[in-house]
Amino acid sequence: MSLEAFLAWEEQQDLRWEFDGFEPVAMTGGTAGHSAIQRNLIFALTARLRGKPCQPYTSDLKIMVAGSIRYPDAFVVCSPVSRDTLVVTDPVVVFEVLSPGTASTDIGVKNQEYRDTPSIRRYVILSQDDRRATVFAREGDDWVGRIVAGEKVLEMPEIGISVPLAELYEGVSFDGAAAGEAGVEG
């Protein structure tokens, strides 16, 4: 299936579908933990970017990356976006919240697509199992990965903000040893 055929086909569907460059891939629902992390992320981005040229978007809007269509959990774009836009072609920072069913795609395939999309300067993969982000960023010609965990701060110089990981995981409890570390702060 071509990208153009997919976009026309998807408009007729009741459910959301991604396009991996070859065929449609159904989007599935997430857990309460996934939803809470995504909600916290959008709140954090919106508060810090209010009044600035870069703006966050949710998984309701799709992006075109390296010949694929994706619905990331959140992304930030720094160019004007018309209210009628269906597909954003120049995201700057992209966020995915890992799920057991999508982890392989998020870490492997999407990572390559995001790396191969020149506008994307940073890709943040948020864990659901503990307070941890795997961050890939452009450093010159390299795509470099780092782990940010625990009480650290997620730095995003491309969009001029920083977010403590604790804020992204507020209200999310973890089983086992991590529960005490990541519990709700009051």
Side-chain angles (χ1 to χ4, degrees), residues 1-46 49 52-128 133-139 141-145 156 158-159 168:
M1 177 179 268
S2 71
L3 179 60
E4 295 76 21
F6 167 78
L7 290 171
W9 174 84
E10 189 202 20
E11 282 186 34
Q12 308 303 315
Q13 305 307 307
D14 292 333
L15 302 175
R16 290 185 313 157
W17 296 78
E18 288 189 333
F19 179 66
D20 66 5
F22 303 100
E23 63 187 359
V25 178
M27 298 294 299
T28 59
T31 64
H34 183 284
S35 182
I37 296 165
Q38 184 181 23
R39 174 200 65 221
N40 293 342
L41 174 62
I42 290 299
F43 286 166
L45 293 172
T46 300
L49 293 171
K52 297 182 180 181
C54 297
Q55 291 298 301
Y57 290 88
T58 67
S59 58
D60 290 332
L61 188 59
K62 56 188 160 245
I63 62 174
M64 184 181 311
V65 291
S68 296
I69 296 293
R70 300 295 182 186
Y71 285 94
D73 289 307
F75 65 94
V76 175
V77 63
C78 296
S79 60
V81 176
S82 164
R83 68 180 191 87
D84 299 335
T85 297
L86 298 174
V87 181
V88 170
T89 58
D90 60 348
V92 176
V93 180
V94 177
F95 302 86
E96 295 284 3
V97 178
L98 281 184
S99 299
T102 64
S104 176
T105 300
D106 291 342
I107 294 168
V109 175
K110 288 183 182 180
N111 191 6
Q112 288 179 313
E113 292 171 352
Y114 297 157
R115 179 199 66 208
D116 292 344
T117 302
S119 69
I120 297 176
R121 307 297 302 160
R122 185 169 299 265
Y123 174 37
V124 180
I125 305 169
L126 297 166
S127 171
Q128 277 194 70
T134 304
V135 181
F136 290 89
R138 294 194 192 281
E139 292 185 8
D141 293 335
D142 295 327
W143 187 244
V144 178
M156 294 173 277
E158 302 83 0
I159 55 176
L168 301 180

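Worth knowing before you read on, the calculation uses all heavy atoms, side chains too, and leaves out hydrogens, waters and symmetry mates. Residue indices begin at 1 and follow the sequence shown.
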Within a 6.0 Å radius of atom CG on D84, are there more than 12 heavy atoms belonging to other residues, nucleotides or ligands?
yes

Could you measure the distance from the [atom1] atom of [X] to the [atom2] atom of [Y]? Nearest 0.5 Å is fine.
X: L7; Y: M1; atom1: CG; atom2: CE; value: 10.0 Å
X: I107; Y: I125; atom1: CD1; atom2: CD1; value: 5.5 Å
X: K110; Y: R115; atom1: NZ; atom2: CZ; value: 16.0 Å
X: M64; Y: L86; atom1: CE; atom2: CG; value: 10.5 Å
X: F22; Y: L3; atom1: CZ; atom2: CG; value: 12.0 Å
X: N111; Y: T105; atom1: CG; atom2: OG1; value: 11.5 Å

Considering only heavy atoms from C-beta outward, does the side chain of [X] approach that of [Y] to under 4.5 Å?
X: V88; Y: Y57; answer: no
X: M156; Y: V76; answer: no
X: P24; Y: Q13; answer: no

Where the side chain of R138 meets the backbone of I120, is there a donor-acceptor pair that is under 3.5 Å apart?
yes

Would you confirm whether Q38, through its side chain, and D73, through its main-chain N or O, come within 3.5 Å as a donor-acceptor pair?
yes

Which residues satisfy the side chain to side chain donor-acceptor pair (under 3.5 Å) test with S99, sequence neighbours excluded?
Q128

Taking all non-hydrogen atoms of both residues, which atom of [X] and which atom of [Y] are closest, and how far apart?
X: A66; Y: D116; answer: CB-CB, 4.1 Å
X: Q55; Y: K52; answer: NE2-O, 2.8 Å
X: V87; Y: L61; answer: N-CD1, 4.4 Å
X: P56; Y: L49; answer: CD-CD1, 3.9 Å
X: T89; Y: S119; answer: O-OG, 4.0 Å
X: G21; Y: S68; answer: N-OG, 3.6 Å

Only one of W143, Y123, F136 forms a ring-ring contact (aromatic ring centres under 6.0 Å, His included) with Y114, so which one is it?
Y123

List the residues meeting side-chain contact (heavy atoms from CB on, under 4.5 Å) with F43, not counting sequence neighbours, and say none if there are none.
R39

Taking only residues at least two apart or on different chains, which pairs with a member in residues 65-112 satisfy disulfide bond (SG atoms under 2.5 Å apart)?
C54-C78

Check ion pair R70-E96 (N to O, under 4.0 angstrom):
no

With F95 as partner, the option from I37, V124, I42 fulfilling side chain to side chain contact (heavy atoms under 4.5 Å, CB included) is V124

